Amino acid sequence: MAWASFAKLNAASSQWIGQQSFTQRTGSSSSTRFATRRVSVPIRAGAYTEELVKTAKTIASPGRGILAIDESNATCGKRLASIGLDNTETNRQAYRQLLLTTPGLGDYISGAILFEETLYQSTTDGKKFVDCLREENIVPGIKVDKGLVPLPGSNNESWCQGLDGLASRSTEYYKQGARFAKWRTVVSIPCGPSALAVKEAAWGLARYAAISQDNGLVPIVEPEILLDGDHPIERTLEVAEKVWSEVFFYLAENNVVLEGILLKPSMVTPGAEHKEKASPETIAKYTLTMLKRRVPPAVPGIMFLSGGQSEVEATLNLNAMNQAPNPWHVSFSYARALQNTVLKTWQGRPENTEAAQKSLLVRAKANSLAQLGKYSAEGESEEAKKGMFVKGYTY
Ligand code: 13P
């Protein structure tokens with residue numbers, strides 16, 4: 001079907017703009033005379049396109065990155081248990097309040113990913129968390145996936161649930177103040193990965209991205225390639241290239257506007273159980289090679305996950321990636337690598353709140369400097385150097 005009539009057919013349900021025409025040459029290459037025909041290039045845009053592009057740009061602003069605190073209640077329970085606290089709503093609220101009311105956080109943090117419970121919570125004084133964020137010029141975000149379950153027919157791999165009802169949930173999240181979303185699926189190198197698992201991960205991410213954009217939320221696209229395994233860095237590079245090529249293939253098939261998305265990749269490192277560790281320079285080289293081969297410059301921001309690296313490691317690796325200009329904003333969207341010292345400092349005691357907030361600012365500032373390529377690990381605490389890798393980690 002010609003694009004023109006295809007676009008017309010779809011005009012009522014989806015909005016298409018930019019029916020730009022260009023001239024395509026036809027005929028044999030040896031021929032000096034070319035017949036020409038008109039070809040239209042449709043670019044999909046919904047009601048929110050301009051806003052999506054603006055939101056993505058705000059999040060990808062110089063010297064800033066994302067604070068990920070979107071742990072499910074079960075995972076938040078593990079964080080609280082590590083400092084001897086029960087997994088109650090009151091304790092989860094207290095911990096999130098500490099993080100989200102840190103004065104000056106917006107100097108280094110441009111977005112915060114929340115779990116659904118947190119999006120609807122307020123401070124003990126009755127101020128909505130989303131308003132605390134807005135006052136710091138931090139964009140509120142929301143985790144929208146429903147977690148991982150076994151993928152039948154695969155090699156013990158998993159797939160990510162959450163597409164059912166996603167459009168209506170996203171509408172509600174937008175009303176509550178969320179402006180971006182996150183969907184995390186995983187790919188396991190020791191399990192294969194199988195072609196089926198990679199395809200399922202990529203397709204799910206693309207469907208989620210299209211639905212999010214349709215409802216005003218900038219989708220963070222996160223196919224986490226787990227650190228698990230004893231493979232060398234070259235193997236991670238190979239898998240990452242395969243995964244990202246499939247992701248971009250399906251993003252295009254789903255007409256996702258690349259200017260209105262953000263990526264959350266794993267860094268390309270050797271497997272956590274590989275005999276040799278890689279330096280930040282090597283990790284930066286492999287990771288940027290992979291990204292340059294697979295990610296169009298239309299994408300505004302690359303916001304890495306920390307994946308079990310120590311706080312200092314995650315910051316050093318990010319810093320190494322920003323030693324020369326990149327086609328995209330290269331920054332962070334860390335959970336464990338921003339929260340570890342904070343939790344240890346807090347210990348659930350109100351008298352430690354200020355010190356814990358200061359330790360959050362220390363990590364946020366370090367990563368802000370790393371985003372600008374100006375970080376030095378001098379003076380970092382021993383605690384911040386401790387790795388946090390957990391085999392088979394679930395989020
Ligand atoms: P980590 O930085 O702990 O790997 O967090 C990953 C994540 O997806 C949080 O949103």
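Just so it is clear, the model here is predicted, and its values are computed rather than measured. Counting begins at 1 with the first residue of the sequence.
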query = Hey, quick one: are V362 and I138 part of the same hydrophobic cluster, counting side-chain heavy atoms closer than 4.5 Å, chains of contacts allowed?
reply = no

query = Does L369 share a hydrophobic cluster with L360, counting links as ILVMFWY side-chain heavy atoms below 4.5 Å and allowing steps through other members?
reply = no

Do any N or O atoms from the side chain of [X] and from the backbone of [Y] form a donor-acceptor pair under 3.5 angstrom?
X: T236; Y: T269; result: yes
X: E281; Y: A320; result: no
X: T287; Y: I283; result: yes
X: S170; Y: S212; result: no
X: T102; Y: L98; result: yes
X: N87; Y: N73; result: yes
X: N367; Y: F332; result: no
X: Q176; Y: L119; result: yes
X: Y208; Y: I220; result: yes
X: N254; Y: A206; result: no

Heavy-atom pair with the smallest gap, counting every atom of [X] and [Y]:
X: L262; Y: M303; answer: CB-CG, 4.4 Å
X: V330; Y: N322; answer: O-ND2, 3.0 Å
X: I59; Y: S110; answer: O-OG, 2.6 Å

ask   = Stepwise, does the side chain to side chain contact (heavy atoms under 4.5 Å, CB included) test hold for F115 with S72?
value = CA-CA 6 Å; F115 190 58; S72 62; 4.1 Å; yes

[X]-[Y] side chain donor-acceptor pair, cut-off 3.5 Å:
X: E157; Y: S194; value: yes
X: R293; Y: S245; value: no
X: E273; Y: H231; value: no
X: Q309; Y: N317; value: yes
X: Y334; Y: E311; value: no
X: T345; Y: N352; value: no
X: Y108; Y: E136; value: no
X: Q213; Y: T49; value: no

Would you indicate whether the side-chain heavy atoms of [Y] and [X] approach each other to under 4.5 Å?
X: L361; Y: L105; answer: yes
X: K285; Y: T282; answer: no
X: R184; Y: L148; answer: yes
X: Y286; Y: M290; answer: no
X: E276; Y: P270; answer: no
X: L114; Y: L100; answer: yes
X: L67; Y: I109; answer: yes
X: E117; Y: E89; answer: yes

I need the [X] [atom1] to [Y] [atom2] distance, nearest 0.5 Å.
X: I66; Y: K182; atom1: CD1; atom2: NZ; answer: 10.0 Å
X: L291; Y: E241; atom1: CG; atom2: CD; answer: 10.0 Å
X: I302; Y: L288; atom1: CD1; atom2: CG; answer: 9.0 Å
X: L226; Y: S266; atom1: CG; atom2: OG; answer: 7.0 Å
X: K365; Y: D107; atom1: NZ; atom2: CG; answer: 9.5 Å
X: W183; Y: K146; atom1: CH2; atom2: NZ; answer: 10.0 Å

request  = Could you list the residues that satisfy side-chain hydrogen bond (donor to acceptor under 3.5 Å, both in side chains) with E238, not counting sequence neighbours?
outcome  = R235

key: Sequence-distant partners of N156, side-chain hydrogen bond (donor to acceptor under 3.5 Å, both in side chains), two or more places apart   = none

query = Should V221 and F248 be marked as a side chain to side chain contact (heavy atoms under 4.5 Å, CB included) after you check the CA-CA gap, both sets of side-chain angles, and the distance that decides it?
reply = CA-CA 10 Å; V221 177; F248 276 98; over 6 Å; no

request  = Could you check L217, I113, I142, T58 and say which one makes a side-chain contact (heavy atoms from CB on, under 4.5 Å) with F180?
outcome  = I113

Between [X] and [Y] (salt bridge meaning N to carboxylate O under 4.0 Å), is one present in this structure?
X: D230; Y: K275; result: no
X: K175; Y: E172; result: yes
X: E380; Y: R363; result: yes
X: K264; Y: E224; result: no
X: K199; Y: E246; result: no
X: E71; Y: R79; result: yes
X: E313; Y: K277; result: yes
X: E135; Y: K127; result: yes

Aromatic plane relationship, W203 with Y250 - under 30° parallel, 30 to 60° tilted, over 60° perpendicular =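 It falls in the perpendicular class, over 60°.
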
request  = Could you give me the CA-CA distance, side-chain angles and deciding distance for K57 and E259, then say whether salt bridge (Lys or Arg N to Asp or Glu O under 4.0 Å) is met?
outcome  = CA-CA 9 Å; K57 268 197 194 140; E259 289 82 353; over 6 Å; no

Would you say [atom1] of [X] has more than 12 non-hydrogen atoms from neighbouring residues, nucleotides or ligands within 6.0 angstrom?
X: E351; atom1: CD; result: yes
X: D86; atom1: CG; result: no
X: E354; atom1: CD; result: no

request  = May I have the step-by-step check of side chain to side chain contact (heavy atoms under 4.5 Å, CB included) for D131 and R134, ending in yes or no?
outcome  = CA-CA 5 Å; D131 291 334; R134 284 200 199 107; 2.7 Å; yes

query = Are Y48 and Y174 an aromatic pair by the rule of ring centers under 6.0 Å?
reply =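 When the ring centroids of Y48 and Y174 are compared, they turn out to be within the sub-6.0 Å range.
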
